[in-house]
4 protein chains.
Amino acid sequence: MAIEGQGGGTAPRRLRLGMVGGGRGAFIGGVHRMAARLDDRYAFVAGALSSDAERARASGADLLLDPDRCYPDWEAMLRGEAGRPDGIDAVAIVTPNHMHHAPAKAFLEAGVHVICDKPLTTTVEDAEDLADAVRRSGRVFVLTHNYTGYPMVRHARAMVEAGELGAIRVVQVEYPQDWLSTRLEETGQKQAAWRTDPARTGVGGCVGDIGTHAFQLAEFVTGGRVTQLAAELTSFVEGRPVDDNAQMMLRFDNGARGLLWASQVAPGNENGLRLRVYGERGGIEWFQEQPNHLRVSPLGEPPRTVTRGGPGSGAIAGHATRIPSGHPEGYLEGFAQIYRDAAELITASLEGRDPDPLATWVPGIKDGVRGVRFIHAAVRSSRAGGVWTEV
Amino acid sequence: MAIEGQGGGTAPRRLRLGMVGGGRGAFIGGVHRMAARLDDRYAFVAGALSSDAERARASGADLLLDPDRCYPDWEAMLRGEAGRPDGIDAVAIVTPNHMHHAPAKAFLEAGVHVICDKPLTTTVEDAEDLADAVRRSGRVFVLTHNYTGYPMVRHARAMVEAGELGAIRVVQVEYPQDWLSTRLEETGQKQAAWRTDPARTGVGGCVGDIGTHAFQLAEFVTGGRVTQLAAELTSFVEGRPVDDNAQMMLRFDNGARGLLWASQVAPGNENGLRLRVYGERGGIEWFQEQPNHLRVSPLGEPPRTVTRGGPGSGAIAGHATRIPSGHPEGYLEGFAQIYRDAAELITASLEGRDPDPLATWVPGIKDGVRGVRFIHAAVRSSRAGGVWTEV
Amino acid sequence: MAIEGQGGGTAPRRLRLGMVGGGRGAFIGGVHRMAARLDDRYAFVAGALSSDAERARASGADLLLDPDRCYPDWEAMLRGEAGRPDGIDAVAIVTPNHMHHAPAKAFLEAGVHVICDKPLTTTVEDAEDLADAVRRSGRVFVLTHNYTGYPMVRHARAMVEAGELGAIRVVQVEYPQDWLSTRLEETGQKQAAWRTDPARTGVGGCVGDIGTHAFQLAEFVTGGRVTQLAAELTSFVEGRPVDDNAQMMLRFDNGARGLLWASQVAPGNENGLRLRVYGERGGIEWFQEQPNHLRVSPLGEPPRTVTRGGPGSGAIAGHATRIPSGHPEGYLEGFAQIYRDAAELITASLEGRDPDPLATWVPGIKDGVRGVRFIHAAVRSSRAGGVWTEV
Amino acid sequence: MAIEGQGGGTAPRRLRLGMVGGGRGAFIGGVHRMAARLDDRYAFVAGALSSDAERARASGADLLLDPDRCYPDWEAMLRGEAGRPDGIDAVAIVTPNHMHHAPAKAFLEAGVHVICDKPLTTTVEDAEDLADAVRRSGRVFVLTHNYTGYPMVRHARAMVEAGELGAIRVVQVEYPQDWLSTRLEETGQKQAAWRTDPARTGVGGCVGDIGTHAFQLAEFVTGGRVTQLAAELTSFVEGRPVDDNAQMMLRFDNGARGLLWASQVAPGNENGLRLRVYGERGGIEWFQEQPNHLRVSPLGEPPRTVTRGGPGSGAIAGHATRIPSGHPEGYLEGFAQIYRDAAELITASLEGRDPDPLATWVPGIKDGVRGVRFIHAAVRSSRAGGVWTEV
């Protein structure tokens with residue numbers, strides 16, 4: 001560990017950012033704003049923060065937004081910003097899942113770059129339609145599968161790409177939580193309410209909310225694609241209309257085999273996203289609750305712990321970090337990395353140049369489409385009794 | 001942690017123990033002997049230690065056995081010991097899997113108590129036949145699923161039985177190793193050779209060798225029974241005729257759902273048997289490589305670490321321990337517990353009395369039959385493409 | 001763990017912040033800026049970022065500062081900002097240690113609130129002089145002993161205050177690093193150069209740079225005051241004029257006894273700040289590299305892990321957190337908490353009201369004076385052969 | 001990890017072992033017996049198990065000893081065994097500390113090899129007198145500083161000897177427990193009673209009981225000798241006549257500096273013996289509660305975990321192990337290693353040959369004398385106010 005200042009790259013100006021959703025009582029909107037602020041590449045200037053106009057206005061005031069740019073709905077924001085010389089460059093969409101498709105598509109068509117929360121949409125059709133819109137627009141589309149912003153996750157992917165593990169054989173990925181072990185959705189808890197409501201969250205509950213993160217992480221790191229899965233989705237809490245536990249077997253295009261477990265009813269687990277990948281020549285393990293470490297086990301050698309910024313951690317991880325090793329970076333920094341990379345992609349687009357290649361590791365529309373396909377395949381498989389199903 | 005001497009219960013005499021298998025070059029035979037010695041309830045007095053007569057003799061000499069009681073094969077031992085007034089009370093069978101059924105059955109029929117290594121047999125028919133033999137004989141039959149001898153595993157089971165977790169929902173069990181990541185069986189390594197040879201190990205490779213341990217542990221702790229499974233068994237190492245990686249989904253009779261993973265090709269894992277059980281009211285986690293700890297997470301309370309002999313660890317664990325908390329007991333002590341409990345069962349049988357109820361938690365013939373059914377169900381499921389299969 | 005949005009408290013406006021030091025090549029300046037940004041209570045508007053005028057200008061441009069407010073030195077900034085209606089409310093001083101006293105005093109006397117890096121000054125006289133200046137000025141003075149911004153550190157202090165551990169008996173605190181195991185200062189590494197130069201760092205090397213953090217943390221959490229110490233400071237790397245390893249015994253005013261170890265030559269340690277406190281009725285352990293967890297061991301009960309935001313973690317920790325438990329917060333968030341609390345103190349001062357009591361847990365001038373006294377006592381003790389010395 | 005049978009070395013016969021102390025209610029006697037049994041190199045044939053004749057007899061019956069060889073006191077055993085053709089080869093002395101010197105000396109003078117519990121004696125004079133007796137006798141004398149029997153402790157020493165860490169700079173050793181946090185000695189707990197009674201335990205309480213283990217471990221692994229120490233011993237529990245917490249600074253003959261902490265009043269600690277050693281080129285860390293792992297941090301490389309029997313663990317560790325890596329060995333196996341090595345030393349002595357060099361790493365009379373000097377130096381230092389004192 002060496003304490004060193006990082007050279008400050010010059011940015012010509014901050015990108016102007018608007019937000020759809022994320023008003024009072026929301027969770028992920030605040031995370032997006034902190035993430036956008038951390039590296040100072042954005043000015044947050046406009047919002048349609050709530051579908052309730054009064055709440056939208058009050059939320060904007062909380063955030064010191066210009067009242068003129070606090071809009072009652074996203075359509076108004078789209079029109080209002082389009083009419084300004086200093087209109088937004090990009091929009092962050094942080095509404096519940098069923099409210100991603102329409103604003104994302106509209107902003108893209110208006111030439112605004114989009115940063116969207118996951119999962120992409122609630123239906124495969126919407127996902128593919130949005131993919132078309134992205135292609136037609138030529139605009140940047142970033143999906144906040146934020147765990148891919150962690151430096152050691154990127155280091156893991158770089159190791160696999162470089163062949164350090166050899167051919168991948170086994171993938172074990174899991175994301176246990178415990179916060180929905182009881183019927184929290186009946187207590188007025190807003191997050192629990194929409195995340196267990198099929199009308200807002202989609203057909204998948206746990207599998208969509210966190211299973212997609214696990215799925216995307218496995219594909220992101222291994223570079224493999226899941227071709228088939230056999231899933232068992234369960235609603236353990238009585239009366240819950242969506243799954244709160246998802247277990248499945250995975251077959252990858254490269255011959256690897258995997259297990260995926262996501263749960264919201266596993267007491268003692270907070271956000272226990274964990275990925276383990278084993279190849280012919282080595283294994284790696286990563287755990288979200290201790291994200292600065294990657295356990296690396298070359299076959300026939302002692303396992304070692306590579307730390308963010310420590311020995312053996314190279315340029316890929318270095319790109320995604322801010323402070324010396326041993327000083328933990330966490331969830332917000334990983335999330336901020338998605339925003340920082342998105343800023344580079346958007347700035348490069350605005351400037352008509354190629355982006356820094358290291359910034360291209362952010363998840364985008366393809367991850368989004370795969371994620372929605374994954375959710376629907378898992379639900380289909382489970383409803384059919386756990387049969388093998390194409391993704 | 002309080003340092004205290006344990007009261008020494010009086011035993012009238014040591015049980016006379018013979019052994020089938022376990023000569024020079026064997027692995028598990030030596031473990032059985034250390035396990036039998038630790039608590040001083042046995043005198044090891046006779047052996048048919050190898051199918052090679054000269055090796056049998058030399059192995060006996062290594063172990064300071066009376067040459068008259070070093071037999072060239074188990075049939076000779078059976079006859080020889082039957083003819084002595086001080087003949088063996090019990091026999092330990094530690095041969096490869098295909099050599100369990102015949103001697104176990106014969107010794108039972110001769111009135112000798114049997115301690116047998118797992119898995120029970122290579123076929124379901126043999127397993128059920130042996131179960132009949134046990135029933136008819138009235139003798140003690142103990143199967144060395146040694147992990148159930150660990151104090152914190154028993155504590156976990158006691159917690160589930162007492163309802164501390166509520167209804168069980170999710171079971172995650174795994175047993176990764178890495179020692180067969182390459183074709184070790186071609187290097188002359190004796191253990192690798194027989195464990196990858198279907199003629200000696202049976203139809204299951206990894207699933208039989210360690211998958212059965214994981215399966216038995218899950219049933220032992222939860223008290224549930226797996227009714228169906230869907231399995232994907234893979235031979236990743238080219239040319240290996242049995243599986244070296246097993247992944248499967250489990251359905252329990254009590255409605256719980258589970259994932260089981262066993263692997264011998266996961267670099268960085270030594271003997272990573274891990275069980276996690278989640279119920280309505282709490283979760284527990286146990287890891288074989290740190291066996292003196294049990295992580296207990298009552299829903300809505302901070303997770304705690306109960307240690308063998310420490311606060312919160314009661315009589316059940318205390319029965320299976322020897323030294324103060326904080327001084328680690330390990331694999332041999334867990335294995336020894338199986339022998340210690342077997343000694344109590346056998347002594348009680350010899351004395352015509354009921355055994356100490358705490359000694360009855362050792363695995364026996366029923367675990368053995370279920371284990372063989374499990375292996376065959378997994379193989380059938382996998383061969384049929386991973387379909388759901390009755391156990 | 002429950003995902004919930006946090007209510008957004010209304011702030012009337014962002015505080016205007018200037019910075020002394022922190023230009024290109026610096027380390028801690030960038031940390032201060034990220035910390036100031038995270039919670040959006042500050043607008044960074046002015047800087048005297050380097051003692052080199054050209055570097056100061058370029059650094060300001062990197063940071064998108066108004067060129068008119070990029071000053072060549074802090075005296076110019078003091079004058080320039082004083083003449084503006086929108087002049088700075090507060091200044092962050094992030095220069096090497098010998099450059100804290102003069103600007104801090106001057107800004108205080110000009111009515112500007114001060115946030116200063118640690119250790120406070122290089123001499124006890126300067127420290128006390130600055131303490132007088134703070135008193136006279138009536139302004140807020142915050143010292144960035146950033147580890148006290150971690151939620152679980154505050155939770156630990158709250159537990160001690162509430163008597164949950166009973167009378168404190170033993171304090172073990174340590175801060176090992178390894179980055180100065182070789183003569184890094186001769187390689188042109190700027191951070192190593194000034195931190196091992198007595199003219200800039202002061203009489204203490206390791207003991208001043210990180211030993212003070214350990215010392216302050218121990219006093220912060222336990223509420224005790226170290227009255228005497230016996231220290232052994234060593235320069236293991238040949239030719240280094242300041243210590244790179246510090247070991248000492250501590251006597252507290254409440255009868256507790258302690259050991260403190262700080263090292264920059266302990267291979268395998270990055271920023272291993274660890275505090276363990278043991279009282280009559282329980283013990284606690286905290287580790288900076290896994291800051292979201294606090295191990296709590298009530299005497300006679302199993303040790304438990306209290307997590308930031310998880311069960312058993314209350315209002316004190318909640319005040320210092322942003323996201324749900326299980327999503328790790330790290331070093332920057334802890335640092336940001338110091339800034340967030342400073343913003344509340346400064347805003348309250350500007351508004352002529354009492355601050356939120358929870359914001360008063362930030363370190364200030366008293367911690368600063370004690371830290372400088374500590375460094376000098378340790379150096380005196382060591383030079384006298386490790387004798388007991390008053391702090 | 002490879003499962004392999006270990007070749008069984010031929011031993012001509014079991015050594016005949018007697019025991020002084022270790023009857024009903026004792027703690028360490030049972031540990032010695034299990035340790036002696038595990039590797040089958042001893043036959044336990046005689047005992048003077050208690051100073052109470054009836055208890056001695058009953059204890060012998062518990063252990064199935066020949067009643068003729070259950071002696072009422074050690075003098076009787078000495079006489080009785082001397083008169084038998086099959087008299088004991090070796091005696092294990094497991095009485096409280098004040099009862100080591102007399103029987104150890106007498107048995108040595110009678111030509112019986114001695115295995116003695118630690119600390120050696122209660123006075124330096126007795127320690128030196130016993131050292132003379134050992135020299136004169138030419139018999140084997142082994143002191144059960146059992147932690148040196150752990151394979152990874154020996155591996156650590158081998159690494160230091162081989163220069164893998166370079167010159168040693170810093171040694172951090174600690175042994176916290178919590179079992180004496182209250183006045184347990186007043187409850188009738190026999191172990192607490194004698195260990196806090198100066199008449200039986202000697203001048204040092206905690207420092208003698210477990211501080212000596214920490215001290216011996218530090219010297220054993222580093223090969224350095226502590227020349228001076230400055231100690232602060234405290235009796236936190238009111239009315240306790242010996243220390244229950246010991247903190248001290250250490251100076252080694254090779255220039256290394258150290259801290260040592262031993263405590264019996266640190267809630268949440270069971271037997272937390274931990275050693276960390278840092279040299280110019282690397283660091284190592286070992287923890288008794290997870291004894292199968294050694295953390296190794298070569299400077300500038302990622303830290304790695306070397307496991308007993310795993311990659312990077314060589315012949316030295318292999319000599320002290322029984323089962324494959326990943327199957328934990330614990331306290332009893334480490335203790336048994338002392339007995340196994342003692343058996344080799346004694347057998348070699350009986351056979352008039354040089355012992356296996358690997359067996360010579362057991363602690364002996366020199367460790368014993370140093371341990372008693374250490375205790376007395378620490379007590380003198382502390383009584384003089386924590387001044388530096390020669391060991």
Please find the pair of heavy atoms, one from B:T182 and one from B:R240, that lie closest to each other, and give the distance.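 Closest approach of B:T182 to B:R240: O-NH2, 2.9 Å.
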Shortest non-hydrogen contact from B:V242 toward B:S235: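 So the minimum-distance heavy-atom pair works out to O-OG, 2.8 Å.
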Do any of residues 249-259 of chain A have a heavy atom less than 4.5 Å from a heavy atom of chain B, and if so, which, in residue order?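 Residues of residues 249-259 of chain A touching chain B at under 4.5 Å: A:M249, A:R251, A:G255, A:R257, A:G258, A:L259.
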In terms of heavy-atom pairs under 4.5 Å, which option from B:R281, B:R276, B:E280, B:Q172 contacts chain A the most?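 Looking at each of B:R281, B:R276, B:E280, B:Q172 in turn, B:Q172 comes out on top.
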Hey, which of B:G386, B:P298, B:P303 has the most heavy atom pairs under 4.5 Å with chain A?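 Looking at each option in turn, the highest pair count goes to B:G386.
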Would you mind telling me which of A:A231, A:S297, A:G300, A:P267 has the largest number of heavy-atom pairs within less than 4.5 Å of chain B?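 It is A:P267.
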With respect to chain B, which residue among A:G279, A:G283, A:G268 yields the maximal number of heavy-atom pairs within a distance under 4.5 Å?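 Going by pairs under 4.5 Å, I would pick A:G268.
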Side chain, backbone, both or neither of [X] within contact of chain A (heavy atoms, under 4.5 Å):
X	value
B:L233	neither
B:S181	both
B:A167	neither
B:E301	neither

Residue list, side-chain hydrogen bond (donor to acceptor under 3.5 Å, both in side chains) with A:E164, at least two apart or on another chain: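 A:E164 satisfies side-chain hydrogen bond (donor to acceptor under 3.5 Å, both in side chains) with no other residue.
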Report yes if the distance between the aromatic ring centroids of B:W179 and B:F27 is under 6.0 Å, otherwise no.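 When the ring centroids of B:W179 and B:F27 are compared, they turn out to be at least 6.0 Å apart.
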Would the A:F220 and A:H145 ring centres measure less than 6.0 Å apart?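 No, too far apart.
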Taking 4.0 angstrom as the limit, do B:D209 and B:K118 come out as a salt bridge?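 Result for this pair is yes, salt bridge flagged.
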Could you check A:Q216 against A:Y147 for side-chain hydrogen bond (donor to acceptor under 3.5 Å, both in side chains), going step by step and ending with a plain yes or no? CA-CA 9 Å; A:Q216 194 268 345; A:Y147 304 110; over 6 Å; no
With a 3.5 Å cut-off and no angle check, do the side chains of B:Y278 and A:N269 form a donor-acceptor pair?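 A donor-acceptor contact under 3.5 Å links the two side chains.
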Hey, are A:N271 and A:Q177 close enough side-chain-wise for a donor-acceptor pair under 3.5 Å?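 A:N271 and A:Q177 do have a side-chain donor-acceptor pair below 3.5 Å.
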Does B:W286 use its side chain to pair, donor to acceptor, with the backbone of B:P291 at less than 3.5 Å?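 Yes, because the side chain of B:W286 sits within donor-acceptor range (under 3.5 Å) of the backbone of B:P291.
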